[in-house]
Amino acid sequence: MPELPEVETIKNDLRPLLAGRVITDVKVAWEGCVDRPLASEFGDQIVGRRMEGVERRGKLLVFTLSGGKTLLVHLRMTGSLLVAEPTAPWGSHTRLSFRLDNGKELRFVNVRKFGRVYLVDDPQEVVGDLGPEPLNEEFGVDDFRALFDNRRGMIKPLLLNQRFLAGLGNIYVDEAMFQARLHPRRKAHTLSPEELAGLYDAIRDVLRQAIADKGTSRSDYVRPDGAEGGHQEHLLVFGRVGKPCPRCGATIERLVVGGRGTYICPRCQE
DNA sequence: CGGGAAACCTGCAGGC
DNA sequence: TGCCTGCAGGTTTCCC
């Protein structure tokens with residue numbers, strides 16, 4: 001679920017709550033969520049460290065810790081990070097919890113057990129293969145166009161590829177492709193420079209709008225205080241099969257592209 | 001490199 | 001009410 005706008009929102013919410021806090025204890029309720037180091041060593045390696053930075057890279061949360069370690073969290077489809085009182089009910093899907101020196105707990109909740117945490121010396125070993133950040137100031141339309149050199153696959157799977165471009169998921173790819181009036185099965189190398197410029201603008205517009213709305217809550221996504229995002233009210237095509245296209249009134253269809261449920265307006269997108 | 005399918009998991013909606 | 005099937009916003013891996 002969480003894509004770039006959701007992770008950005010979580011990062012913005014967490015930073016004032018976590019910056020400067022010391023981790024005083026760790027509870028691992030399900031060892032499988034610790035990708036590295038060994039789950040048995042995770043607590044010993046992290047307890048006592050101070051949270052010095054809270055950042056985002058792609059869909060990953062990046063916590064810079066004292067003593068040269070970095071904690072990274074990938075929420076995958078159903079993960080959330082909650083800041084809770086230790087007395088709050090544990091909940092059967094809480095996989096990991098960090099006790100903080102202000103008495104609160106940072107809890108990693110994950111219904112489907114896909115989310116992972118990484119504690120590493122060099123964050124590059126986790127984020128090193130990611131593509132560029134679409135919202136970075138220095139990421140211009142020419143940089144975007146250059147990504148398409150020698151790419152011959154369908155556009156949607158390409159945009160979902162995190163090594164191509166970091167942060168887009170199923171929802172925002174569909175929304176951006178609708179806004180750019182492009183069919184998700186179009187081959188990357190058939191897009192004109194003008195179409196690529198339109199897609200570049202659409203991706204950035206969609207992401208910025210969703211961040212302004214604090215993300216899209218359809219099923220699992222909630223902010224660290226339990227609040228929902230608001231962008232589900234502004235989705236133009238995603239999940240709206242059978243409803244009228246907001247631009248032309250044609251009926252929105254659902255297809256499968258690259259194995260993913262895909263929503264398009266069959267009249268606007270070619 | 002491209003594309004499809006399966007795998008990792010659990011919960012929920014829909015059909016009967 | 002209960003059972004069964006299919007589906008889910010992410011990512012990796014295997015296979016052709």
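Each chain gets a letter, A, B and so on, in the order the sequences are listed, and its residues count up from 1. The analysis underlying the following values was restricted to heavy atoms, covering all of them including side chains, and did not include hydrogens, waters or symmetry mates.
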(request) With side-chain hydrogen bond (donor to acceptor under 3.5 Å, both in side chains) as the test, would you mind laying out the steps for Y172(A) and E6(A) before giving the verdict? (result) CA-CA 11 Å; Y172(A) 298 115; E6(A) 288 75 34; 2.6 Å; yes
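Between A180(A) and L199(A), the shortest heavy-atom contact is CB-CA, 3.8 Å.
The nucleotide range of DNA chain B contacted by chain A, defined by atoms under 4.0 angstrom from heavy atoms of the protein and reported 5' to 3', is dG2(B) to dG11(B).
Screening residues 57-77 of chain A for salt bridge (charged side-chain N to carboxylate O under 4.0 Å, His left out) gives R57(A)-E133(A), K69(A)-D121(A) as the qualifying pairs, with residues at least two apart or on separate chains. Listed by first and then second residue, the side chain to side chain donor-acceptor pair (under 3.5 Å) pairs that reach into residues 87-99 of chain A are S97(A)-E105(A), sequence neighbours excluded.
Partners of T78(A) by side-chain hydrogen bond (donor to acceptor under 3.5 Å, both in side chains), not counting sequence neighbours, listed by chain and number: N110(A).
How far CG of L60(A) is from OG1 of T70(A): 12.0 Å, rounded to the nearest 0.5 Å. If you take CG on L165(A) and CG on D143(A), they are separated by 11.0 Å, rounding to the nearest 0.5 Å. Here the CG-CG distance, from L119(A) to D44(A), works out to 11.0 Å after rounding to the nearest 0.5 Å.
Across all strands shown, N110(A) has no heavy atoms under 4.0 Å from either base or sugar-phosphate atoms. Across all strands, T216(A) comes closer than 4.0 Å to base atoms (heavy-atom distances).
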(request) Using Watson-Crick or G-U wobble pairs with both distances under 3.5 Å, give me DNA chain C in dot-bracket, 5' to 3', with [ ] for crossers and | for pairs to another strand. (result) .|||||||.|||||||
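Along DNA chain B, the nucleotide closest to R116(A) and the one closest to K187(A) are compared, and the more 5′ of them pairs with K187(A).
For DNA chain B, the neighbouring residues in residues 148-173 of chain A, judged by any heavy atom under 4.0 Å, are R151(A), R152(A), G153(A), M154(A).
dA6(B) and dG6(C) are spaced 16 Å apart, taking the C1' atom of each and rounding to whole Å. Separating the P atom of dC7(C) from that of dA5(B) is a span of 12 Å, rounded to the nearest Å.
Taking atom CZ of residue R112(A) and atom P of nucleotide dG10(C), one finds them 10 Å apart after rounding to whole Å. To the nearest angstrom, P of dG10(C) lies 14 Å from CG of L130(A).
Using the six-membered ring where Trp is involved, F148(A) and F164(A) have ring planes that are perpendicular, over 60° apart on the 30 and 60° scheme.
In this structure, K104(A) pairs ionically with E85(A), as a charged nitrogen and a carboxylate oxygen lie closer than 4.0 Å. A salt bridge does not link E270(A) with R186(A): none of the charged nitrogens is closer than 4.0 Å to a carboxylate oxygen.
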